[in-house]
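Heads up: the structure comes next, in structure tokens.
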Amino acid sequence: MPGLRETLEQLEKKLITEALQKQGSIRKAATLLKIDHSTLIRKMKKYNVDKM
């Protein structure tokens, strides 16, 4: 069973990926997720998520 940290990271990556696919831009995805644009970029790098 994965730990809490791993589970939260998987969920965060999934939400980021889905927001990028739905919105089509990093800025719009960040707004949807209610986080700063720079925070989203940092998390994308952390999880190796490419721009959609």
Side-chain angles (χ1 to χ4, degrees):
M1 176 175 186
L4 179 60
R5 179 175 293 171
E6 292 84 10
T7 302
L8 289 174
E9 287 178 351
Q10 289 172 359
L11 178 58
E12 188 172 50
K13 182 177 179 179
K14 180 179 184 228
L15 291 172
I16 288 169
T17 302
E18 289 175 358
L20 287 166
Q21 288 174 344
K22 181 177 181 181
Q23 296 299 317
S25 81
I26 294 173
R27 287 195 186 276
K28 288 180 182 179
T31 300
L32 178 68
L33 295 167
K34 298 181 180 169
I35 60 175
D36 290 334
H37 173 253
S38 59
T39 301
L40 180 53
I41 291 174
R42 181 173 37 82
K43 290 179 181 290
M44 288 171 64
K45 289 178 183 176
K46 176 181 177 180
Y47 298 124
N48 292 321
V49 175
D50 292 326
K51 268 188 356 183
M52 301 294 153

Query raised in the report: Could you go step by step and tell me if T31 and R27 meet the side chain to side chain contact (heavy atoms under 4.5 Å, CB included) rule?
Result: CA-CA 6 Å; T31 300; R27 287 195 186 276; 5.5 Å; no
Report task. Quick one: list whatever passes side chain to side chain contact (heavy atoms under 4.5 Å, CB included) with Q23, sequence neighbours left out. Result -> K28, A29, L32
Query raised in the report: Do L15 and L4 belong together in a cluster built from hydrophobic side chains that touch within less than 4.5 Å?
Result: no
Query - Over all atoms of both residues, closest heavy-atom pair of L40 and I26 - result: CD2-O, 3.3 Å
Query raised in the report: About how many Å separate CD1 of I35 and CD1 of I41, when rounded to the nearest 0.5 Å?
Result: 10.0 Å
**Report entry** Pairs touching residues 14-24 that satisfy salt bridge (Lys or Arg N to Asp or Glu O under 4.0 Å), sequence neighbours left out
**Finding:** K14-E18
Query raised in the report: Which pairs pass salt bridge (Lys or Arg N to Asp or Glu O under 4.0 Å) with one or both residues in residues 33-46, sequence neighbours excluded?
Result: E9-K46, E12-K43
